[in-house]
Amino acid sequence: MVLRRKLIAGNWKMNGLYADGMALAQELVGRITAAGPVGFDLLVCPPATLLYPVGQVLAGHPIALGGQDCHAAEKGAHTGDLSAPMLTDLGARYVIVGHSERRYDHGETDGDIAAKVAAAHAAGLVAVVCVGETLAQRESGAALTVVADQIAGSIPAGSTSHNLVVAYEPVWAIGTGRTAQVADVAEMHAHIRTVLAAKVPDPEKVQILYGGSVKPANAASLMAIADVDGALVGGASLVAGDFWAIAESCR
Ligand code: PEP
């Protein structure tokens with residue numbers, strides 16, 4: 001049996017001015033310093049404006065830094081975008097790619113996402129690739145097929161457990177307070193691992209996170225599911241005590 005470490009990732013989205021980001025990062029550093037060695041990995045993904053200062057606070061502490069998106073190109077005329085090498089340059093080790101807020105708000109296709117993931121890999125980043133069905137797709141019985149298609153289309157050649165994390169985030173559970181049923185999460189995570197076998201050489205080692213209204217009250221039951229290897233946390237990652245409590249549920 002392969003033992004996978006749990007990864008608790010905070011997606012701050014478009015939240016936090018400088019003082020908020022500093023306070024949140026400092027509180028997380030204080031918590032992990034006081035805790036000593038822990039059995040989980042922590043990742044925070046602040047907005048682009050906070051990557052550098054938050055990275056300075058995290059430096060030397062066991063909390064990784066990540067971006068929330070990257071462009072597929074290394075550089076060039078792409079106003080407002082960030083490249084994967086720019087993230088690496090600031091000390092990021094991870095980048096979230098294909099979040100549903102980008103798939104649906106910005107019209108990103110599986111092909112766009114695969115190109116971004118390849119760019120992330122070329123820059124030495126671990127890509128956290130998000131997949132998940134809409135409510136209509138779940139209700140019509142298409143959830144497993146939709147997610148399999150997203151995996152098939154969004155994960156490029158060259159992906160392995162060393163440069164890929166998958167986050168299953170049912171779109172209808174993100175920011176809504178609704179959480180998927182334990183049985184549905186278990187079924188989907190096992191399905192994702194099976195589908196990954198066609199994309200990576202070591203599917204049993206890939207961390208598959210659950211995301212969608214994860215909070216201290218539901219974290220323990222979600223993190224106990226067999227193929228759930230951590231959480232991608234939005235709203236609750238903005239409150240240090242809540243984010244820490246979610247992480248501690250993996251102990
Ligand atoms: C997310 O945006 O990745 C997310 C899971 O958000 P929330 O935890 O707020 O549902």
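Values below: every heavy atom of this structure, side chains too, minus hydrogens, waters and symmetry copies. Order of listing sets the numbers, starting from 1, for every ligand and every atom in it.
Under a 4.0 Å criterion applied to the non-hydrogen atoms of Ser213, ligand 1 contributes the atoms 7 (P), 8 (O), 10 (O). Listed by number with element, the atoms of ligand 1 under 4.0 angstrom from any heavy atom of Gly212 are 5 (C), 10 (O). Residue contact check: Asn11 has heavy atoms under 4.0 Å from atoms 2 (O), 3 (O) of ligand 1.
Between Ser237 and ligand 1 there is no heavy-atom distance shorter than 4.0 Å. Taking 4.0 Å as the cut-off, Lys215 does not count as a neighbour of ligand 1 on heavy-atom distance.
Taking the six-membered ring for Trp and the full ring otherwise, the centers of Trp172 and Tyr104 sit at least 6.0 Å from each other.
Using a 4.0 Å cut-off between a side-chain N of Lys or Arg and a carboxylate O of Asp or Glu, Arg93 and Asp41 do not qualify as a salt bridge. With salt bridges taken as basic N to acidic carboxylate O contacts below 4.0 Å, none links Arg103 and Asp112.
Within the 4.0 Å heavy-atom criterion, both parts of Leu232, backbone and side chain, lie near ligand 1. Contact annotation: for Ala173 versus ligand 1, heavy atoms closer than 4.0 Å belong to the backbone alone.
With Gly175, Gly234, Ala167, Cys45 as candidates, the residue nearest to atom 10 (O) of ligand 1 on a non-hydrogen basis is Gly175. The heavy atom nearest to atom 5 (C) of ligand 1, out of those in Arg178, Glu169, His99, is found in Glu169.
Residue Lys215 qualifies as enclosed at atom NZ: its count of foreign heavy atoms under 6.0 Å is above 12.
When only interatomic distances are considered, the shortest N/O to N/O separation between Thr176 and ligand 1 does not fall below 3.5 Å.
Nearest heavy atoms, Val117 versus Ser154: CG2-O, 3.8 Å.
Two residues are said to be in side-chain contact when any heavy atoms from C-beta on lie closer than 4.5 Å; Gln68 and Met14 fail this criterion. Taking the side chain as every heavy atom from C-beta outward, Leu196 and Leu164 approach each other to under 4.5 Å.
With Asp227 as reference, Arg193 is the one residue of Arg193, Gln207, His189 to meet the side chain to side chain donor-acceptor pair (under 3.5 Å) rule.
Protein heavy atom closest to atom 9 (O) of ligand 1, with residue, atom name and distance, is Gly235 N, 2.8 Å.
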